Amino acid sequence: MRPRACLLLVAIAGAAFALACAAKTHGSSHSHGHKPAARGASGEYDYYVMALSWSPTYCELHPDEEEQCGHKGYGFVLHGLWPQYEGGGGPQQCATSDAPDRKTVSRALAFMPSRALISHEWRSHGACTGLDAGAYFALADKAFGTIHAPAELNAPETSRRMTQASLRDAFRRANPGLEDDMLSLHCSRGQLVEVRVCLDKDLAPRDCGKRMQSRCPSRAEFTVPASR
């Protein structure tokens, strides 16, 4: 075979290998910045992560979100209650034929004020708990009530500047027994986005598993926007 033909075959083989690798990489899903999520592992997990979203930050970016924003004055709302593995990440998008009924949605809006979010969280995470939709959102409601927001963040009328240390201290004062390794803080563009708290299956705070890292500045201040 001529050298030129050999080079052409090598190039074609290399391109095919690259396309296969790209397809594999694109097909891998990631959940909330953790390890790739398992699919279909309903009921098989080790603990929960409860994500408490700081609603004013969300509303600055989504002022037309009528259910959650529009001067409703929310502080922390529930983003989700996520089954987690000790090694990081958790099951997602588990197969289910169940869905939240009107009564369940109506109750969930009290702590998760968005119908779109309720539907998304059930499909992405709730279905993987092994519970039906009504039981999952009842559990999420109970979990939301186990952690108290710091008094200074109870619908503040003015924005605050905080650090990781000051926000962690505030949560510890409001929740005796809560330790640093039981929560992670998440920021974006210099603003607080959410606080994530690790809970055992009885909804008691516990240390977080692997790959749970804070995403706020380690020492610099960030903004906690005022209620909207």
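Nothing here was measured: the structure is a model prediction, and the numbers come from that model. Just so you know, these numbers use all the heavy atoms, side chains as well, and skip hydrogens, waters and symmetry mates.
If you take CZ on R206 and CG on D181, they are separated by 9.5 Å, rounding to the nearest 0.5 Å. For the atom pair SG of C208 and CD of E86, the computed distance is 10.0 Å after rounding to the nearest 0.5 Å. Interatomic distance, M50 CE to C198 SG, rounded to the nearest 0.5 Å: 10.0 Å. To the nearest 0.5 Å, atoms CG (L203) and CG (L81) are separated by 7.0 Å. Put simply, CG on L61 and OG on S188 are 7.5 Å apart, with the number rounded to the nearest 0.5 Å. Taking CE from M182 and CG from D200, the interatomic distance works out to 9.5 Å, rounded to the nearest 0.5 Å.
Shortest non-hydrogen contact noted between S227 and P56 is CA-CG, 3.7 Å. The two residues G190 and R161 make their nearest non-hydrogen contact at O-NH1, 4.5 Å. The shortest non-hydrogen separation linking Y136 to E121 is OH-O, 4.4 Å. Annotation for S214 and S184: closest pair OG-CA, 3.5 Å, computed over non-hydrogen atoms. The two atoms that bring P63 and C69 nearest to each other are O-CB, 4.4 Å, heavy atoms only.
With a 4.5 Å cut-off on side-chain heavy atoms, F171 and I147 count as touching. The closest side-chain heavy-atom distance from Q191 to P225 is below 4.5 Å. Contact of the P205 side chain with the L199 side chain is registered, since non-hydrogen atoms from C-beta on lie closer than 4.5 Å. The shortest side-chain heavy-atom distance between T104 and I118 does not fall under the 4.5 Å cut-off. The shortest distance between side-chain heavy atoms of L139 and T129 does not fall below 4.5 Å. Under the 4.5 Å side-chain criterion, counting only non-hydrogen atoms from C-beta, P83 is in contact with H125. With contacts defined as side-chain heavy-atom distances shorter than 4.5 Å, the pair H79/L117 qualifies. The shortest distance between side-chain heavy atoms of K72 and P113 does not fall below 4.5 Å.
In this structure, W54 and F76 have perpendicular ring planes: the angle between them is above 60°, well past the 30° mark.
Within 6.0 Å of CZ on R107 lie no more than 12 heavy atoms contributed by other residues, nucleotides or ligands. More than 12 non-hydrogen atoms from other residues, nucleotides or ligands lie less than 6.0 angstrom from NZ of K201.
For R173 and E152, the salt-bridge test passes: some basic side-chain N is under 4.0 Å from an acidic carboxylate O.
Ring centroids of Y48 and W82 are separated by 6.0 Å or more, keeping the two rings apart.
A donor atom on one side chain and an acceptor atom on the other are not found under 3.5 Å apart for S166 and R160. A donor-acceptor pair shorter than 3.5 Å can be found between the side chains of Q93 and S124. Side-chain contact of S119 with R115: a donor-acceptor pair under 3.5 Å is absent, judged by distance alone.
Hydrophobic clustering places F144 together with W122 (ILVMFWY residues linked when any side-chain heavy atoms are closer than 4.5 Å, directly or through intermediates). L78 and L185 fall within the same hydrophobic cluster, defined by Ile, Leu, Val, Met, Phe, Trp and Tyr side-chain heavy atoms under 4.5 Å apart, directly or through other members. L192 and V197 fall within a single hydrophobic cluster, where Ile, Leu, Val, Met, Phe, Trp and Tyr are joined by side-chain heavy atoms under 4.5 Å apart, directly or via other members. L52 and V77 fall into different hydrophobic clusters, where Ile, Leu, Val, Met, Phe, Trp and Tyr residues are linked whenever their side-chain heavy atoms come under 4.5 Å apart, directly or through other members. Taking hydrophobic clusters as Ile, Leu, Val, Met, Phe, Trp and Tyr residues chained together by side-chain heavy-atom distances below 4.5 Å, V193 does not share a cluster with Y74.
The backbone N or O of A127 lies less than 3.5 Å from a partner atom in the side chain of S42, making a donor-acceptor pair.
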